[in-house]
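This report refers to the structure that appears directly beneath it.
We're numbering straight along the sequence, starting at 1.
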Amino acid sequence: MNMSLEERELHLQIMRNRDQESRNDMNDVGREQFLENRRNRYQERRNDMNVVKRQQFLENMRNRDQERQNYMNEVERQQFLGNRRNRDHERRNNNNMEHQMHYTGAMDVRCPFCGALRFQREQLNCCHNGKVSLPYKNTPKI
């Protein structure tokens, strides 16, 4: 489908308007469900790909992005790149958070020397087994 630059811009604007109208019609629950379904479809598609198909898919995505950027003016290009950077940053943070979260238990073990609280599996290093002793100071009453 060969389009002139003006026809392509008109087509893209019509598509943007249609997508915006459909997003505006959704409530928060519908939007979340739509996004979750889309994420699941993409994840299934990625899982079904072998290495060669994945490389071809990524190359096609890069080519499509490059083609899109060729048609954009400078302002649109900066917005696009900024949005993509933000999206990538959020994705990395979300992925890292899923793998880094853990539960250490309650902080309920008291040091026998200084009385400091610590976690069950935490090493005892608050006062180095009673070798360090700080003078006790009363806190002033306010």
Mind listing the closest non-hydrogen atom pair of Met49 and Arg54 along with its distance? SD-CA, 3.7 Å
What heavy-atom pair brings Val52 and Asn50 nearest, and what distance separates the two atoms? N-OD1, 3.1 Å
Return each pair, listed once, that meets salt bridge (charged side-chain N to carboxylate O under 4.0 Å, His left out) where at least one residue sits in residues 29-43; pairs must be two or more places apart or across chains. Asp28-Arg31, Glu36-Arg39
Indicate whether any N or O donor in one side chain lies under 3.5 Å from an N or O acceptor in the other, for Asn63 and Glu67. no
Can you tell me if Asn40 and Glu44 form a side-chain donor-acceptor pair at under 3.5 Å? no
For the [atom1] atom of [X] and the [atom2] atom of [Y], what is their distance to the nearest 0.5 Å?
X: Arg110; Y: Leu117; atom1: CZ; atom2: CG; answer: 4.5 Å
X: Gln20; Y: Gln13; atom1: CD; atom2: CD; answer: 10.5 Å
X: Asn60; Y: Asp65; atom1: CG; atom2: CG; answer: 11.0 Å
X: Glu122; Y: Cys111; atom1: CD; atom2: SG; answer: 10.5 Å
X: Asp48; Y: Gln43; atom1: CG; atom2: CD; answer: 10.0 Å

Inspect the surroundings of CD in Gln120 and state if more than 12 heavy atoms from other residues, nucleotides or ligands are less than 6.0 Å away.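 No.
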Are Phe113 and Asn129 side-chain neighbours, meaning at least one heavy-atom pair lies under 4.5 Å? yes
Taking the side chain as every heavy atom from C-beta outward, state whether Arg64 and Met61 have any pair of such atoms under 4.5 Å apart.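 Heavy-atom side-chain distance check passes, below 4.5 Å.
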Any donor and acceptor pair, going by atom type alone, linking the side chain of Glu7 with main-chain N or O of Ser4 inside 3.5 Å?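 It does hold such a pair.
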List in chain and number order the residues that pass side chain to side chain contact (heavy atoms under 4.5 Å, CB included) with Gln33, two or more places apart in sequence or in another chain; answer none if no residue qualifies. Asn37
